[in-house]
Amino acid sequence: MGDGAGRPRPDRGPRLWPRPPLLPRPVLLDQRWERLLFLHWRVDTDRVAPLLPAGVVPDEFDGSTWVGLIGFHMVGAGPGYGLPVPYLGTFGEINVRLYSRDGDGRRGVVFRSLEATRLAVVLGTNLAGVPYRFSRIGIADDGVVFGYASSRLAPPHRGAATDFAVRRGSRDRSDDPLAVFLTARWGMHTAVAGRPIYVPNTHRRWPLYDAEVVRLRDDLVAAAGLPGVANRPPDSVLWSPGVRTQFGRPFRVTPA
């Protein structure tokens with residue numbers, strides 16, 4: 001049910017959301033993700049496997065793996081817990097991500113690119129091997145329809161752009177098996193010196209709802225190594241008002 005402005009009321013139903021694993025201490029980062037928009041496409045596993053770091057393999061749901069185009073508003077990011085960094089800790093972000101599994105059975109995401117509007121954040125995260133790209137990002141929201149648009153300002157793929165928007169729905173999707181697969185990931189896979197690394201995170205149950213695409217023009221999925229995918233309508237469209245999340249220390253994992 002909605003509140004008359006396209007925003008669902010809080011769900012009071014049963015809690016079936018999977019419990020996240022314990023976050024290794026110390027907490028390294030704390031942040032809030034707001035106004036999230038998830039577009040996802042089915043992709044053949046053999047197309048995705050060469051795009052993943054060494055030591056992890058594509059994770060599958062219903063015989064396919066998936067690629068996501070995700071837009072959100074990062075708010076109050078900062079080190080430790082409850083220490084937001086003024087200005088640099090709040091910005092628009094759009095990322096292209098894949099879904100991965102390691103030899104210890106941990107499910108995660110692999111970021112192919114992350115657009116951001118804070119140059120200092122881009123430079124610092126690239127030193128750590130996280131592929132942030134400096135971009136101009138706009139967020140439009142009239143309470144019912146909202147979306148993200150960006151244009152990359154520097155190489156690689158300078159000028160790569162995206163523009164996507166949805167109409168908010170009110171149907172609760174937080175216990176849908178595919179929605180859980182796509183959003184209850186609890187960490188990021190990357191590689192350092194050829195060894196797989198897992199960066200864990202945790203958050204409360206997503207409030208997740210259905211949505212209808214009203215606009216989609218995208219270069220970022222193709223620039224991430226999957227041309228042609230975003231030329232067709234997405235196979236899953238979700239939105240969320242947001243969650244607060246924390247990241248723990250990274251650790252090595254067993255290669256798959």
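Quantities reported herein were computed from a predicted structural model and do not represent experimental measurements.
A cation-pi arrangement is found for R185 relative to F181, the charged atom lying closer than 6.0 Å to the ring centre and inside a 45° cone about the ring normal.
Looking at R158, its side chain does come within 3.5 Å of a backbone N or O of L153 through a donor-acceptor pair. Although no hydrogens or angles enter the test, the distance criterion places a donor-acceptor pair under 3.5 Å between the side chain of R118 and the main chain of T90. Of the possible polar contacts, one joining the S100 side chain to the G108 backbone as a donor-acceptor pair under 3.5 Å is found.
Note on D175 versus R205: salt bridge recorded, some NZ/NE/NH1/NH2 to OD/OE distance being below 4.0 Å. Ion pairing of D235 with R42 is absent here, as no side-chain N (NZ or NE/NH1/NH2) approaches a carboxylate O to less than 4.0 Å. The pair R152-D219 does not meet the salt-bridge criterion, since no charged nitrogen lies less than 4.0 angstrom from a carboxylate oxygen. Ion pairing between D163 and R217 holds under the 4.0 Å rule for side-chain N and carboxylate O. Between D141 and R168 there is a salt bridge, since at least one side-chain N of the basic residue sits less than 4.0 Å from a carboxylate O of the acidic one.
R112 and N95 share no donor-acceptor pair across their side chains, judged by distance under 3.5 Å alone.
Ring planes of Y209 and W239: tilted class, angle from 30 to 60°. Using a 30° and 60° split on the angle between ring planes, F91 and Y132 fall in the perpendicular class, above 60°.
Between R35 and F146, the closest heavy-atom pair is O-CE1, 3.3 Å. In plain terms, the two heavy atoms of D218 and L69 that are nearest each other are OD1-CD2, 3.7 Å.
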